[in-house]
2 protein chains.
Amino acid sequence: MNTIRPYTQIIDRLKAAKLRPTRQRLALSKLLFERGDRHVTAEQLHADVMAAGIKVSLATVYNNLHQFTGAGLLREVVVDSGRSYFDTNTTSHFHFFHEASGELEDIPVDDLVLGALPKLPKNTSVKRVDVIIRVR
Amino acid sequence: MNTIRPYTQIIDRLKAAKLRPTRQRLALSKLLFERGDRHVTAEQLHADVMAAGIKVSLATVYNNLHQFTGAGLLREVVVDSGRSYFDTNTTSHFHFFHEASGELEDIPVDDLVLGALPKLPKNTSVKRVDVIIRVR
DNA sequence: ATAGCTGCAAATGCTTTGCAAGGCC
DNA sequence: GGCCTTGCAAAGCATTTGCAGCTAT
């Protein structure tokens with residue numbers, strides 16, 4: 001059957017983020033957070049959720065991806081100008097980008113260690129460090 | 001005066017890249033390659049070249065930026081989905097990105113050393129490593 | 001009841017493309 | 001002359017926004 005059951009765990013997570021567990025949001029959350037680490041584009045997630053039989057507009061997918069990102073449940077990874085990936089792994093880690101397939105792959109944390117950070121520009125603090133190894 | 005003199009050095013560089021030294025291409029080259037390291041967007045460069053009194057269309061700026069990139073004279077840096085920077089420094093180095101101003105800044109090579117690269121996915125080779133430290 | 005969500009379609013912003021006219025070799 | 005370049009305007013694409021109607025609490 002195609003109904004999405006309202007999993008307590010996900011609902012609690014959404015409540016903690018002050019996001020109402022609507023039908024659409026629940027469906028998206030299930031796809032994102034119950035399948036392990038994922039790297040999805042808005043289009044892909046939209047296709048997924050439609051395939052699961054839940055009607056959600058693409059605009060709503062975008063809105064939710066950004067709300068999740070704002071709440072710290074997702075991390076946005078920019079690879080191309082013109083395409084954003086959303087990563088369900090919000091811990092500090094880096095990526096391989098496969099130019100041929102357009103896929104993102106996590107780099108195991110221990111496999112790439114950054115040396116000491118450089119001296120930062122005056123009056124700034126680090127918001128995030130992005131490392132992308134482009135392979136083909 | 002506003003005329004751009006056809007600098008031999010630049011012309012040779014263009015010839016080596018099999019790009020005809022047209023008036024527009026020369027003007028763009030001068031702005032890009034005679035001012036030290038620069039990080040420009042297509043829009044910025046277009047504004048610069050217009051300010052220098054040479055009429056160049058935005059499409060031509062894009063075309064040339066890509067031709068230069070293809071010829072290895074520039075390097076494209078993706079920071080945002082929806083905005084591309086072109087870097088005149090084509091040597092291996094990393095960047096600070098100032099979120100507030102939208103500016104890119106080179107990190108001195110010695111200031112950030114990458115540890116050993118991780119094991120690559122099967123049948124792949126590294127095309128490029130991008131490191132962006134986002135500060136605010 | 002009401003603040004928050006959603007869907008749709010239109011708008012946006014950057015970038016690319018098609019094609020006729022122009023310029024370099 | 002022939003081929004590369006350019007300019008313009010139109011098209012493309014991913015993403016955002018405005019707003020009327022819906023829904024969770």
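Lettering of chains follows the sequences in order, A, B, ..., and the numbering in each one begins at 1.
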Under 4.0 Å protein heavy-atom contact, by nucleotide of nucleotides 16-23 of chain D - B base, S sugar-phosphate only: BB-----B

Sidechain-backbone polar pair: [X] side chain, [Y] backbone, donor-acceptor under 3.5 Å:
X	Y	value
A:Thr88	A:Arg38	yes
A:Arg83	A:Gly102	no
A:Asp80	A:Gly82	no

Separation of [N] [atom2] from [X] [atom1] (nearest whole Å):
X	N	atom1	atom2	value
B:Phe68	D:dT5	CZ	C1'	12 Å
B:Leu28	D:dT5	CG	C1'	12 Å
A:Leu14	D:dT25	CG	C1'	15 Å
A:His46	D:dT15	NE2	P	13 Å

Parallel, tilted or perpendicular: rings of A:His93 and A:His39 (30°, 60°):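 Tilted: the ring planes of A:His39 and A:His93 meet at 30° to 60°.
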
List the atom pairs, with distances to 0.1 Å, where a side-chain N or O of residues 108-126 of chain B and a protein N or O form a donor-acceptor pair under 3.5 Å, not counting sequence neighbours.
| from | atom 1 | to | atom 2 | distance (Å) |
| --- | --- | --- | --- | --- |
| B:Thr124 | OG1 | B:Pro121 | O | 2.7 |

Are [X] and [Y] close enough that some pair of their side-chain heavy atoms sits under 4.5 Å apart?
X	Y	answer
B:Leu19	B:Phe68	yes
A:Ile10	A:Glu34	yes
A:Lys30	A:Leu26	no
B:Leu28	B:Leu65	no

Polar side chain donor-acceptor pair, B:Glu76 to B:Ser84, under 3.5 angstrom: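 Looking only at side-chain atoms, B:Ser84 and B:Glu76 do form a donor-acceptor pair, the distance falling under 3.5 Å.
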
Residues A:Glu105 and A:His98: side-chain donor-acceptor under 3.5 angstrom: yes

Nucleotides bounding contact with chain B, strand DNA chain C, heavy-atom threshold 4.0 Å: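 Under 4.0 Å from chain B, the extent on DNA chain C is C:dC14 to C:dC25.
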
Contacting residues from residues 71-84 of chain B, given that a heavy atom lies under 4.0 angstrom of DNA chain D: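 The answer is none.
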
Phosphate OP1/OP2 of D:dT6 contacted by B:Thr60 side-chain N/O (<4.0 Å):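 Answer is no, no contact under 4.0 Å.
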
May I have the list of side-chain donor-acceptor pairs in residues 54-62 of chain B shorter than 3.5 Å, sequence neighbours left out?
| from | atom 1 | to | atom 2 | distance (Å) |
| --- | --- | --- | --- | --- |
| B:Ser57 | OG | B:Thr60 | N | 3.2 |
| B:Ser57 | OG | B:Thr60 | OG1 | 3.1 |

Degree of bending in the helix from C:dA1-D:dT25 to C:dC25-D:dG1 once both end axes are built from five pairs, to 10°: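 Roughly 30° between the end axes, to the nearest 10°.
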
Axial cation check for B:Phe86 ring with B:Arg75, 6.0 Å and 45° limits: no

